[in-house]
Each structure stands twice: as structure tokens, then as C-alpha cells.
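What follows is a single structure, written as C-alpha cells, with notes after it.
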Amino acid sequence: MTDKKPFAWETAIAWKNKDRIVVRGYDVNELTGNISFAEHFHLVLRGELPTPEVGRMTEAILVNMAEHAMSPSSATVRFATSGGAELNAAVAAGVAGIGRLHGTADRPAEMFLAVGERAERDGLSDREAAAKVVAEMRERRERMPGFHHAQHIRDPRTARLLELSDELGVTGRYVGIARAMEDATEDVFGRRIWINGPGSMGCVGLDMGYEPLQLKAMFIVCRSLSLCAHSIEEATREKGWRASTNSDMVQPLDLSMQGPDHYDGPADRSLT
Ligand SMILES: CC(C)(COP(=O)(O)OP(=O)(O)OC[C@H]1O[C@@H](n2cnc3c(N)ncnc32)[C@H](O)[C@@H]1OP(=O)(O)O)[C@@H](O)C(=O)NCCC(=O)NCCS
């Protein structure tokens with residue numbers, strides 16, 4: 001039994017009245033101009049402002065994972081937009097395309113947690129438990145979430161995220177478990193199966209104290225930026241209905257369609 005009123009929402013996230021908006025106890029106008037979006041992401045989802053290191057690492061992940069050219073979600077957005085869907089509807093279709101095999105930061109996080117629990121339960125070191133889990137999953141022909149990338153094989157985002165996590169002192173038990181699993185693939189597969197971007201989000205995110213679902217939210221939030229850009233570009237540069245007799249259907253996820261021959265934005269440049 002609960003003493004809550006039926007049909008009444010209660011929330012620990014925010015409140016507002018005619019004059020004020022208060023988020024997790026802070027007036028939104030005090031937050032505005034004083035914290036980064038990454039710090040706000042942490043505050044809204046987790047209830048507290050992050051440490052400077054967690055704030056920077058969160059920011060880095062939001063930038064690193066925001067845009068990825070043609071992927072299942074951006075291609076979905078483009079097809080939805082080509083049918084005339086409004087921006088919000090097209091972006092919602094793209095978000096729906098994020099799943100078990102794409103943008104899956106929560107599933108690798110669940111797996112790394114399970115490896116940690118296995119080590120404790122069976123009295124193994126984390127490295128031993130990692131090696132056992134890799135071997136068992138291979139035996140069952142089960143794909144390890146957060147490993148391998150269909151388009152890159154070795155995902156170029158991973159090294160940068162793990163390097164930053166080391167530099168900022170964020171790296172802890174779960175980055176160790178992910179690295180141990182990657183090492184174990186050499187024996188089990190006879191070749192290295194690399195941690196991918198969402199896999200690095202999974203382990204670095206756990207070491208920052210995020211829950212798996214909060215990591216999935218992090219992916220949705222940053223990738224929505226890309227989904228908006230792809231929808232707006234599709235709506236403003238293409239005439240719609242992509243596969244008509246006047247425009248060929250292409251396989252947008254084929255890497256040959258994603259290279260510089262199909263890119264007409266600015267040439268390579270640097271922040272320095
Ligand atoms: C994304 C994915 C579907 C890509 O698959 P793909 O490039 O078509 O690769 P294949 O499924 O053909 O796998 C080729 C081989 O690589 C290995 N492999 C690929 N991904 C693997 C993974 N996640 N775990 C273990 N082995 C993997 C296997 O040896 C496989 O050979 P097998 O079929 O004989 O077992 C797959 O890697 C996967 O399911 N990854 C986990 C989900 C994930 O992290 N997604 C986020 C991507 S950003």
C-alpha cells in the first residue's frame with residue numbers, strides 16, 4: 001500500500017511555478033551560462049553535478065559519439081525525411097533505430113557488470129573472469145555487445161576515449177575488465193576483436209558511476225544531434241522519395257557510399 005495520491009506524478013527532477021524553474025534544487029538561470037551541457041546532463045540524470053573529471057569525460061563522450069556518418073539511425077532518419085516526415089517525427093524514427101546492435105552502450109555495461117559479479121561469485125580475478133566469459137560466449141556463438149564494428153573492424157573512437165579516461169583518472173575496474181576481455185579474444189578467436197565506441201562508453205561510463213540505462217540515454221541524447229542534422233540536410237538538399245524512377249536507390253550503409261567521394265562539406269581542417 002502507498003499513501004501516494006492516485007494519478008499524481010511526483011518527481012525528484014524539477015519543479016516550476018509562474019516565476020521560477022528549479023532543476024535538482026538549482027535555479028535554471030543560475031545553471032545557465034555557468035555549467036556545460038555535459039554537466040547539466042549529469043545533473044538532470046543523476047541528481048548531482050559531476051566532478052570536473054567526470055564532467056570532462058562525459059563531454060568527451062557526447063562529442064565523440066554524436067556523429068557517425070551513415071549508420072542505421074541516420075539512414076532511418078533520411079528515409080523517414082524523404083517520405084516527408086516532420087523533423088521531430090523523422091528524428092523519433094531514427095531514435096527507434098538505436099537498438100541491440102547499434103548505439104548499444106547499455107548492453108556492454110551490463111556485460112562488464114556481470115563479469116565483475118562472476119569474479120566475486122567464483123573467487124576469480126577480473127582477468128580470469130573476463131577470459132572465461134569470452135570463451136563461454138564464443139562457445140555459445142553469442143556476440144559480445146560493445147565489440148567489433150561492422151564498418152571499421154577496429155573502431156577509431158575507442159583509443160581516444162580510453163586514452164582520455166586514463167589521462168583524467170576515470171579508468172577503474174570496468175575499463176580493466178573491458179581491456180581484459182579484448183585481450184582474451186586473441187586466444188579464443190585467434191585474432192583480436194576490438195572494443196567499439198559504445199563498448200568504451202559502457203566501461204568508461206560504469207567507472208564514472210553511470211547506470212547502464214543512463215549510458216543508453218547518453219547515446220540517445222548525443223546522437224539526436226546527428227539525427228537532426230541528417231534530417232535537415234535531407235529535407236533541404238534532396239527532393240524526397242529517394243527511390244523513384246528519377247533517383248536510384250543506394251545502399252547507404254555501404255562504406256563505399258560513405259567516403260570522401262560522397263562528402264561535399266569542408267575539407268579536412270584542425271582546431272589548431
Ligand atoms: C555489429 C555487428 C552486428 C557487426 O557484425 P559484422 O561486421 O557483420 O560481423 P559478423 O557478424 O559477420 O562477424 C564476423 C566475425 O567477427 C566476429 N565477431 C563480430 N562481432 C563480434 C562480437 N561482437 N563478439 C564476438 N565476435 C564477433 C565473429 O568471429 C564473426 O564470425 P562468426 O560468425 O564465425 O562467429 C556485430 O559485431 C555485433 O553484433 N556486435 C555487437 C553489438 C555492438 O556492439 N554494436 C554496436 C556497434 S557500434
Side-chain angles (χ1 to χ4, degrees), residues 60-78 94-115 118 127 129-162 164-165 174-175 177-207 210-227 230 251-259:
I61 291 175
L62 291 171
V63 170
N64 188 267
M65 300 300 298
E67 177 54 60
H68 194 226
M70 297 300 166
S71 64
S73 53
S74 51
T76 302
V77 159
R78 282 185 173 264
V95 170
I98 293 169
R100 210 165 37 79
L101 301 177
H102 168 49
T104 173
D106 53 324
R107 291 181 71 240
E110 301 278 11
M111 180 179 67
F112 301 139
L113 285 170
V115 171
R118 175 76 177 272
R127 276 197 89 73
K132 263 196 186 321
V133 169
V134 171
E136 289 166 3
M137 289 182 84
R138 180 60 178 158
E139 218 173 281
R140 298 194 296 266
R141 284 284 189 274
E142 219 177 286
R143 295 278 186 274
M144 298 185 298
F147 283 78
H148 184 72
H149 196 285
Q151 295 171 329
H152 301 297
I153 313 298
R154 182 177 187 178
D155 190 331
R157 298 169 292 192
T158 302
R160 178 65 182 143
L161 286 180
L162 295 188
L164 253 179
S165 170
Y174 294 103
V175 170
I177 285 176
R179 283 178 164 145
M181 291 184 81
E182 190 183 277
D183 289 345
T185 60
E186 299 229 0
D187 266 354
V188 173
F189 289 80
R191 69 182 196 284
R192 205 164 178 88
I193 308 281
W194 307 93
I195 303 167
N196 62 32
S200 28
M201 275 183 82
C203 58
V204 174
L206 287 177
D207 281 337
Y210 285 99
E211 303 285 340
L213 265 188
Q214 293 169 339
L215 294 171
K216 184 167 184 154
M218 195 184 291
F219 187 88
I220 293 169
V221 166
C222 68
R223 191 52 65 89
S224 293
L225 166 62
S226 161
L227 301 183
H230 281 275
Q251 207 293 55
L253 298 188
D254 187 313
L255 266 184
S256 67
M257 295 297 302
Q258 302 207 30

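Read the numbers this way: they start at 1 and go in the same order the structure lists the ligands and their atoms.
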With heavy atoms under 4.0 Å as the rule, classify the contact between Asp155 and ligand 1 as side chain, backbone, both or neither.
neither

Does only the side chain of Leu101 get under 4.0 Å from ligand 1, or the backbone, or both, or neither? Count heavy atoms.
both

Over all heavy atoms of both residues, which pair between [X] and [Y] is shortest? Give the atoms and the distance, please.
X      : Y      : value
Ser226 : Ala66  : CB-O, 2.9 Å
Ile195 : Thr158 : O-OG1, 2.8 Å
Pro212 : Glu110 : CB-OE2, 3.7 Å
Ala109 : Leu206 : O-CD1, 3.4 Å

Any nitrogen or oxygen of Pro145 lying under 3.5 Å from a nitrogen or oxygen in ligand 1? Just yes or no.
no

Would you say Met144 and ligand 1 have an N/O pair spaced under 3.5 Å apart?
yes

Please check if a non-hydrogen protein atom sits closer than 4.0 Å to [atom].
atom                    : value
atom 2 (C) of ligand 1  : no
atom 43 (C) of ligand 1 : yes
atom 8 (O) of ligand 1  : no

Is the closest heavy-atom distance from [X] to ligand 1 below 4.0 Å?
X      : value
Arg138 : yes
Gly146 : yes
Pro198 : yes

Mind checking whether [X] and [Y] have side chains closer than 4.5 Å, heavy atoms only?
X      : Y      : value
Glu182 : Ile193 : no
Ser73  : Leu227 : yes
Phe147 : Arg192 : no

Start with the C-alpha distance between Met70 and Arg78, add both sets of side-chain angles, then the distance that settles side chain to side chain contact (heavy atoms under 4.5 Å, CB included), and finish with yes or no.
CA-CA 9 Å; Met70 297 300 166; Arg78 282 185 173 264; 3.4 Å; yes

Numbered atoms and elements of ligand 1 in range of Thr104, under 4.0 angstrom, heavy atoms
43 (C), 44 (O), 45 (N), 46 (C)

What atoms of ligand 1 come within less than 4.0 Å of a heavy atom belonging to His149?
48 (S)

Report the nearest protein non-hydrogen atom to [atom]: residue, atom name, distance rounded to 0.1 Å.
atom                    : result
atom 33 (O) of ligand 1 : Arg143 NH2, 3.1 Å
atom 25 (C) of ligand 1 : Phe189 CZ, 3.6 Å
atom 4 (C) of ligand 1  : Ala150 CB, 3.6 Å
atom 40 (N) of ligand 1 : Phe147 O, 3.4 Å

Given Met137, Arg191, Arg141, His148, which one has a non-hydrogen atom that is nearest to atom 28 (C) of ligand 1?
Arg191

Go through the side-chain N and O atoms of His68 and Ser74 and say whether any donor and acceptor fall under 3.5 Å apart.
no

Answer yes or no: does atom CZ of Arg100 have more than 12 heavy-atom neighbours from other residues, nucleotides or ligands under 6.0 Å?
no

Tell me, yes or no, whether the heavy-atom count around Glu139 atom CD, taken from other residues, nucleotides or ligands under 6.0 Å, exceeds 12.
no

